[in-house]
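Following: one structure in structure tokens, then a few remarks.
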Amino acid sequence: MILTDDEKRMADGERGQAVRLAMEILTEIGSNYGAERLIEIKSVHSAAIYPQLEVSPEILEMFVEKGGHFVVPTTLNPSHAPLNFDKWKEFPEPEDFRSRGHRMVNAMEKLGVIPTYSCTPYFQGNLPRIGQHISWVESSAISFANSVIGARTNRTTMGVELAAAVTGRTPEFGLHLDENRSGNVLVKIEFEPKTLKDFHTIGYIIGKYFGDKVPVIEGLPKGTTANQLKCLGAAAASRGVVALYHAVGITPEAQTKEQAFKGKRPQEEIKIDERAMKKTEEEISTYKGGDIDAVLVGCPHPLIEEVKELAALLKDRAVKDSVKFCLFISNDILKRARQMGFIDPIEKAGVDIFEGDCAIWCPLTYWGWKNVATNSAKYANILPSDPTYVDVLYADTNQCVELGTS
Ligand code: F3S
């Protein structure tokens, strides 16, 4: 790789050992992926915060000990560790889970992270512009940044974003380059999606058929909202590894179908109609019967409008004694929703609020749960496997409320 004079000095350790190590990581990755140079980035979104995963507290603490400091705005994904101290009596933790989580949070704060604890950093102040390079982790956020905003990031590997954050650089390959951003498969929507669940399910179908492709979606309503695209992208990125999609007439690099494909012909095409939707909704559920232990909503982290809808549905209802009803939400939206009076009916109904948290990193089987219901296709796709292993009933928010309350 060709480095600038400044980058050569960084690689030689002139800006400290953390930067030297980070440059070693970035140039190694860049060489492996055929990058010719490093490029400057505007922000990082990190997920190096899960006590269960390969990015251990030791790695974060090593960056601190070597004098590391984030040089670009760096936000943080949800974590089970930091914000739910008051819940640990009711929701106990496996041995060392909490202490490892605390160490990771402490190290991240020393490195200068912005403690957003949310998978929707673009709604929490980390908002790049079209064409800007970033280095983000978290599949749903990456999808949103590339597709809805038009910023440029690869699916950065967890841990590598730390190297990007302390140098302000990333190797130039993949979705940072124009030639890899054109659509290569076509998705025709042949019904009118109305509910948020419809967008989750469309995303799931796209992820299932077009794993790592760049789908161009034709037929979404002109008035499709950012929140609907957030749900579509999260499901596509989770069921497949879709990091970029284009929606014709809606997303910034697809004002027309021709622009989205950049003159190329689609390699494949699928049609999504009401029949495909119904079949997929049944397929997403792994639930085989028995009691529902918990209802999980808030994936991806909700906006005010979703909290408002939940509050209205829960008014004058109470969570069943046999069920835990959990809302996962960013601390920012929680604060605002509380100011607007939407949290009061939710808490009165007996819902447990997991602030800055995500069910994927909660020890669900340790809590004895076998069956959960959720309105999220991403949760439904992930929760039946490692590390949570629960069966999932995929339902819309209304049905989730019916299942979890009386
Ligand atoms: Fe966010 Fe967790 Fe869902 S990180 S997208 S709430 S799986």
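Both counts, for ligands and for their atoms, begin at 1 and track the order of listing. Any value given below was found using the heavy atoms of this structure, including those in side chains, with hydrogens, waters and symmetry copies removed. Model, not experiment: these values are computed from the prediction.
- With Phe328 as the fixed residue, the side chain to side chain contact (heavy atoms under 4.5 Å, CB included) test singles out one of Pro78, Pro302, Cys299, Cys362: Cys362.
- Listed by first then second residue, pairs satisfying salt bridge (charged side-chain N to carboxylate O under 4.0 Å, His left out) with a partner in residues 165-185 read Asp6-Arg169, Glu7-Arg169, Arg37-Glu172, Arg152-Asp178, Arg181-Glu253, not counting sequence neighbours.
- Taking a cutoff of 4.0 Å between a charged side-chain nitrogen and a carboxylate oxygen, Asp293 and Lys370 do not qualify as a salt bridge.
- Aromatic ring centres of Phe91 and Phe354 lie closer together than 6.0 Å.
- Of the candidates Glu306, Glu138, Glu305, Glu306 is the only one forming a salt bridge (Lys or Arg N to Asp or Glu O under 4.0 Å) with Lys230.
- Sparse packing is recorded around CD of Glu36, with 12 or fewer heavy atoms of other residues, nucleotides or ligands lying under 6.0 Å away.
- Only protein N, O or S atoms were considered, and those under 2.8 Å from atom 2 (Fe) of ligand 1 are Cys358 SG.
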